[in-house]
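Handing you a structure now.
Whatever order the structure lists them in is the order used to number ligands and atoms, beginning at 1.
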Amino acid sequence: MRIDVITIFPAMVSDFAGQSLLGKAQDRGLLDVRVHDLRDATTDVHRTVDDSPFGGGAGMVLTAGPVFDTVERESVPRPLFLMGPGGRRLDQAMAKELAALDGFSLLCGRYEGVDGRVRTHLVDGELSVGDYVLAGGEVAAMVVLEAVGRLVPGVMGNDTSADEESFSDGLLEHLQYTRPAEFRGWEVPDVLRSGDHARVARWRRATSLVRTAEHRPDLIAARGGLSAPELRLLAEFDLVLPERAGGSDQRDAHDLQDDGDGDGTP
Ligand code: JCQ
């Protein structure tokens, strides 16, 4: 699979792609990441890629010329996506769709903007990694590279582990434990040391359901709530679903708004 990235910070992206899992995948010929320096398509001595916006306003806009030239001269694989918060949001389902392609390309824009003709006449769509604004598309492109790269057949050491973990079935992972069996007085759950593999599998499933209900109730809702067999699984291990009626006792990282109690804190 080939993934091309067009950027004004090629070292950032190619260093990243040469490390760890993606680097190994490339050494093994499973993945071909090609990073293109937008400035290589410039002709002036300053290697200029941006200019001030027509109509006025602050900041600079990436000019169309070097982007079109790079895309055409390097015949980058399609579809070509512009990284930016206005696009379809990356999730695991989209990562799987992208991993099934022969290739695709990512154009790293910048927050000031990209000439409108790039959007209307060159790219196939915009791709977001979340509802926040980055200074440039590079970090977003690296997120896509890693999420997609690890799904390319043969890339992950253990073929099953990519499938067993979070989101492959819309649930968070169960907790994992390793030695020591007791750490600072906290013991590893007995069931994991029982040797009863079927019971271990049921316990993992049950705790995964509870953890998801507690931390990501939206994911439980998306799969239509819990089935009767799943509720029986919880009962087997005396687990109860957390009630989350908006009380202030359970707070998560996504509950950062002032709760209105007057102390100015969440
Ligand atoms: C990507 N989530 C955030 C920022 C505009 C192309 O236009 C823009 C590009 C960027 C850089 O990408 C992101 C981003 N996914 O900020 C603003």
Worksheet item: Are Asp115 and Arg117 close enough for a salt bridge, meaning some N to O gap below 4.0 Å?
Response: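 Salt bridge flag = yes for Arg117 with Asp115.
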Worksheet item: For atom 16 (O) of ligand 1, which protein heavy atom lies nearest, and how many Å away is it?
Response: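 Answer for atom 16 (O) of ligand 1: Leu134 N, 2.8 Å.
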Worksheet item: Heavy-atom distance to atom 7 (O) of ligand 1: which of Glu126, Arg119, Glu112 wins?
Response: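 Heavy atom nearest to atom 7 (O) of ligand 1 belongs to Arg119.
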Worksheet item: Using heavy atoms and a threshold below 4.0 Å, how should the contact between Leu82 and ligand 1 be classified: side chain, backbone, both, or neither?
Response: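 Answer for Leu82: side chain.
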Worksheet item: Does CZ belonging to Arg193 count more than 12 external heavy atoms closer than 6.0 Å?
Response: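 Result for CZ/Arg193: open.
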Discussion item. Under a 4.0 angstrom heavy-atom cut-off, which atoms of ligand 1 come close to Met83?
Written reply: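 Near Met83, meaning under 4.0 Å from one of its heavy atoms, ligand 1 has 6 (C), 9 (C), 12 (O).
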Worksheet item: Less than 4.0 Å between a side-chain N and a carboxylate O, is that true for Arg223 and Asp169?
Response: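 No, this pair does not count.
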Discussion item. Among all the protein's non-hydrogen atoms, which is closest to atom 3 (C) of ligand 1, and how far away is it?
Written reply: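 Nearest protein contact, heavy atoms only, for atom 3 (C) of ligand 1 is Tyr132 O, 3.0 Å.
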Discussion item. Give me the residue, atom name and distance of the protein heavy atom closest to atom 17 (C) of ligand 1.
Written reply: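 Its nearest protein heavy-atom neighbour is Tyr111 CA, 3.5 Å.
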Discussion item. Taking the side chain as everything from C-beta on, heavy atoms only, tell me whether Leu62 gets closer than 4.5 Å to Val118.
Written reply: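 No. Closest side-chain heavy atoms not under 4.5 Å.
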Worksheet item: Between Asp91 and Arg89, is the closest basic N to carboxylate O distance under 4.0 Å?
Response: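 Answer for the salt bridge query: no.
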Worksheet entry | Atom indices of ligand 1 within 4.0 angstrom of Ser128 heavy atoms, with elements |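 In order of number, 2 (N), 15 (N).
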Item to complete: Compute the shortest N/O to N/O distance between Ala135 and ligand 1 and return yes if it is under 3.5 Å, no if not.
Response: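 The answer is no, given that Ala135 and ligand 1 share no N or O pair closer than 3.5 Å.
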Discussion item. Looking only at protein heavy atoms, which one is nearest to atom 12 (O) of ligand 1, and what is the separation?
Written reply: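 Heavy-atom neighbour on the protein nearest atom 12 (O) of ligand 1: Gly84 CA, 3.7 Å.
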Worksheet item: Looking at ligand 1, does any of its N/O atoms fall within less than 3.5 Å of an N/O of Gly130?
Response: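 N/O-N/O distance below 3.5 Å exists for this pair.
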Fill in: Donor-acceptor contact present, side-chain Thr207 to main-chain Arg204, <3.5 Å
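Yes; judged by distance alone, with no hydrogens or angles, the pair exists.
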Discussion item. Could you tell me, atom by atom, which parts of ligand 1 come under 4.0 Å of a heavy atom of Val133?
Written reply: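 Numbered from 1, ligand 1 contributes 16 (O).
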Discussion item. Quick test of your reading of the structure: of Glu138, Arg110, Arg89, whose heavy atom lies closest to atom 8 (C) of ligand 1?
Written reply: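 Minimum heavy-atom distance to atom 8 (C) of ligand 1 goes to Arg110.
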Worksheet item: Considering only heavy atoms of Gly137, which atoms of ligand 1 have at least one such atom less than 4.0 Å away?
Response: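 Within the 4.0 Å cut-off of Gly137, ligand 1 contributes 11 (C), 12 (O).
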Worksheet item: When you measure from atom 10 (C) of ligand 1 to every protein heavy atom, which one gives the shortest distance, and what is it?
Response: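 Minimum-distance protein heavy atom for atom 10 (C) of ligand 1 reads Pro85 CD, 3.9 Å.
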Discussion item. Test of understanding: given a 4.0 Å heavy-atom threshold, classify the contact between Ala140 and ligand 1 as side chain, backbone, both, or neither.
Written reply: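 Side chain only.
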Discussion item. Please check this pair: side chain of Ser208 against backbone of Leu172, looking for a donor-acceptor N/O pair closer than 3.5 Å.
Written reply: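 Checked: pair present.
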Discussion item. Are any of the N/O atoms on Leu127, whether in the backbone or the side chain, positioned under 3.5 angstrom from an N/O atom of ligand 1?
Written reply: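 No: no nitrogen or oxygen of Leu127 is under 3.5 Å from one in ligand 1.
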Item to complete: Mark yes when over 12 heavy atoms from residues, nucleotides or ligands other than Asp27 sit less than 6.0 Å from its CG; otherwise mark no.
Response: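 It does: Asp27 CG has more than 12 such atoms within range.
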Practice prompt. Scan Val139, Asp37, Thr7 and name whichever one has a side-chain contact (heavy atoms from CB on, under 4.5 Å) with Val13.
Written response: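 Exactly one pass, corresponding to Thr7.
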Item to complete: Measure the distance from atom 15 (N) of ligand 1 to every protein heavy atom, then report the residue, atom name and distance (to 0.1 Å) of the closest one.
Response: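 The closest heavy atom on the protein side is Val129 N, 2.9 Å.
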Discussion item. Taking the basic N atoms (NZ, or NE/NH1/NH2) and the acidic carboxylate oxygens, is any pair closer than 4.0 Å for Arg202 and Glu236?
Written reply: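 Answer for the salt bridge query: yes.
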Practice prompt. Please indicate whether Asp44 has more than 12 foreign heavy atoms, meaning atoms of other residues, nucleotides or ligands, lying under 6.0 Å from its CG.
Written response: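 More than 12 within 6.0 Å, yes.
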